[in-house]
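A quick write-up on the structure given underneath.
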Amino acid sequence: MNKTLKSGRGALVSLLVLLSVLVTVRAASATVVVALELGEMARDAATIVRGRVVAVDSRWTDDRRGVETLVTLAVESALKGADAPDGSVTFRVPGGRLGRIRNIVVGAPQFAVDEEVVVFLAHRGPSIPHVVGFNQGVYRIAARDGSLMVQPPVLDGTTMAGPVMRGDGTRRPIALQAFEQQVRTLAREGR
């Protein structure tokens with residue numbers, strides 16, 4: 001009788017421990033990014049703009065379960081969509097830093113003030129726009145040999161559609177004017 005009582009208590013304790021673990025465990029989530037071609041991004045984006053980053057501000061998400069960053073861009077050229085009425089556009093990216101708290105989202109782009117970029121933006125309903133395809137929708141601009149060049153996004157494990165080959169022609173910088181013309185053409189074709 002004593003053995004039965006001890007084994008019953010042991011089972012009860014085990015069950016209580018298991019239940020407490022199940023109650024406190026939060027569901028795991030993952031980020032899945034589907035590789036997009038430039039034409040797909042041009043079609044899917046509501047707005048495509050080139051400009052200089054003038055502000056990067058992190059804040060809590062509406063549900064206060066994470067951090068997002070609001071990026072404000074001084075628009076220099078609109079490649080698709082309506083021109084920004086005040087000459088700027090603000091969009092959000094997941095992740096960011098608030099004091100000691102840092103929320104990292106794999107594949108999400110990061111921005112710095114004074115950086116020049118071309119961004120592909122979309123939105124759902126009356127919300128703040130977001131970047132199409134995470135880091136795939138951000139093309140960084142840099143001066144190279146006296147002219148402005150657009151560098152394709154850095155591919156990582158979240159966006160690779162196949163092996164990255166050394167000397168891959170699709171990874172080479174392209175002149176800004178040629179890139180803008182290509183994007184405008186793709187955006188018109190996608191309508």
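Sorted by first then second residue, the salt bridge (Lys or Arg N to Asp or Glu O under 4.0 Å) pairs that include residues 109-129, not counting sequence neighbours, are Arg52-Glu116, Glu115-Arg140.
Going from atom OG1 of Thr61 over to atom CD of Glu68 covers 6.0 Å, rounded to the nearest 0.5 Å. A distance of 6.5 Å separates OG1 of Thr72 from CG of Asp57, quoted to the nearest 0.5 Å. Atom OG1 of Thr47 sits about 6.0 Å away from atom NE2 of His123, to the nearest 0.5 Å.
The nearest pair of heavy atoms linking Pro173 to Gln151 is CG-OE1, 3.1 Å. Closest approach of Val132 to Ala122, counting heavy atoms only: CG2-CB, 3.7 Å. Taking both residues in full, the closest heavy atoms of Pro153 and Val138 are given as CG-O, 3.5 Å, listed atom of the first, atom of the second, then distance. The shortest non-hydrogen separation linking Arg184 to Ala78 is NH2-O, 3.7 Å.
For the pair Lys80 (side chain) and Ala46 (backbone), a donor-acceptor distance under 3.5 Å is absent.
Val117 is not listed as a side-chain neighbour of Ile141, based on a closest heavy-atom distance of 4.5 Å or more. In this structure, the side chains of Val71 and Val53 come closer than 4.5 Å at one or more pairs of heavy atoms. Put simply, the side chain of Ile48 reaches to within 4.5 Å of the side chain of Val118, judged on heavy atoms.
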Just distance, no hydrogens or angles: give the donor-acceptor pairs under 3.5 Å from side chains in residues 91-110, sequence neighbours left out.
residue : atom : partner : partner atom : Å
Arg92   : NE   : Ile128  : O            : 3.3
Asn103  : OD1  : Val67   : N            : 3.1

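For Leu38, the side chain to side chain contact (heavy atoms under 4.5 Å, CB included) partners two or more places apart in sequence, or in a different chain, are Met41, Phe120, Tyr139, Phe179, Gln182, Val183, Leu186. Qualifying salt bridge (charged side-chain N to carboxylate O under 4.0 Å, His left out) partners for Glu40, counting only residues two or more places apart in sequence or in other chains: none. Not counting sequence neighbours, the partners of Glu76 by the salt bridge (charged side-chain N to carboxylate O under 4.0 Å, His left out) test are Arg50. Residues passing the salt bridge (charged side-chain N to carboxylate O under 4.0 Å, His left out) test with Arg144, sequence neighbours excluded: none.
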Exercise. Start with the C-alpha distance between Val131 and Leu121, add both sets of side-chain angles, then the distance that settles side-chain contact (heavy atoms from CB on, under 4.5 Å), and finish with yes or no.
Key: CA-CA 5 Å; Val131 178; Leu121 303 172; 4.1 Å; yes

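Hydrophobic clustering of Ile, Leu, Val, Met, Phe, Trp and Tyr side chains at less than 4.5 Å, counting indirect connections, keeps Val54 apart from Val75.
There is a side-chain donor-acceptor pair under 3.5 Å between Ser58 and Thr69.
Within a 6.0 Å radius of CG in Asp63, other residues, nucleotides and ligands contribute more than 12 heavy atoms.
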